[in-house]
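Here is the structure we will look at, set down as structure tokens.
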Amino acid sequence: MIYDEYPDRWQLYRLAESIVKTLQTESETGDEEEKISPQKWEWISDMVQVLLLEELLSRRQMKQRKKGEGGSVFIPKTENIRTLKDYGKIGADGAL
């Protein structure tokens, strides 16, 4: 699911909810004094969703950079480079 080309919103929501349920079961085994309120669980659920989407995005960007399918670095071939002089925007003396 993580590497689907277009992950479904419902799948992402279900994955985030399964992570939150795992966190809830782990927190229930702790002390009674450290019980987390339902309002905080809503906040935790939202944060898990945000972190999950951030992780998916960063993995996709890393994968694209490794493949060379984009990213921030583009090195054109020198024969395809044109200058502003080629288009008549700048005169021979460099004036606009």
Tracing side-chain links under 4.5 Å among I, L, V, M, F, W and Y, which residues wind up in one group with W10? Y13
Smallest heavy-atom separation, T22 atom then T25 atom, equals O-OG1, 2.8 Å
For K40, look at atom NZ and say whether over 12 heavy atoms of other residues, nucleotides or ligands are found less than 6.0 Å away. no
Pairwise distance CD1(I36) to CD(E28) - rounded to 0.5 angstrom: 10.0 Å
Between CE of M62 and CZ of R60, what distance do you get to the nearest 0.5 Å? 13.0 Å
Euclidean distance, W41 CH2 relative to K21 NZ, rounded to 0.5 Å: 12.5 Å
List, one per line, each side-chain donor-acceptor pair under 3.5 Å for residues 43-54, sequence neighbours excluded.
from, atom 1, to, atom 2, distance (Å)
S45, OG, E17, OE2, 3.1

How far apart are the closest heavy atoms of L15 and S18, and which atoms are they? O-OG, 2.7 Å
Return the set of residues passing salt bridge (charged side-chain N to carboxylate O under 4.0 Å, His left out) with E55 (not counting sequence neighbours), or none when no residue passes. R59
If you measure from OG on S37 to CD on E42, what distance do you get to the nearest 0.5 Å? 9.0 Å
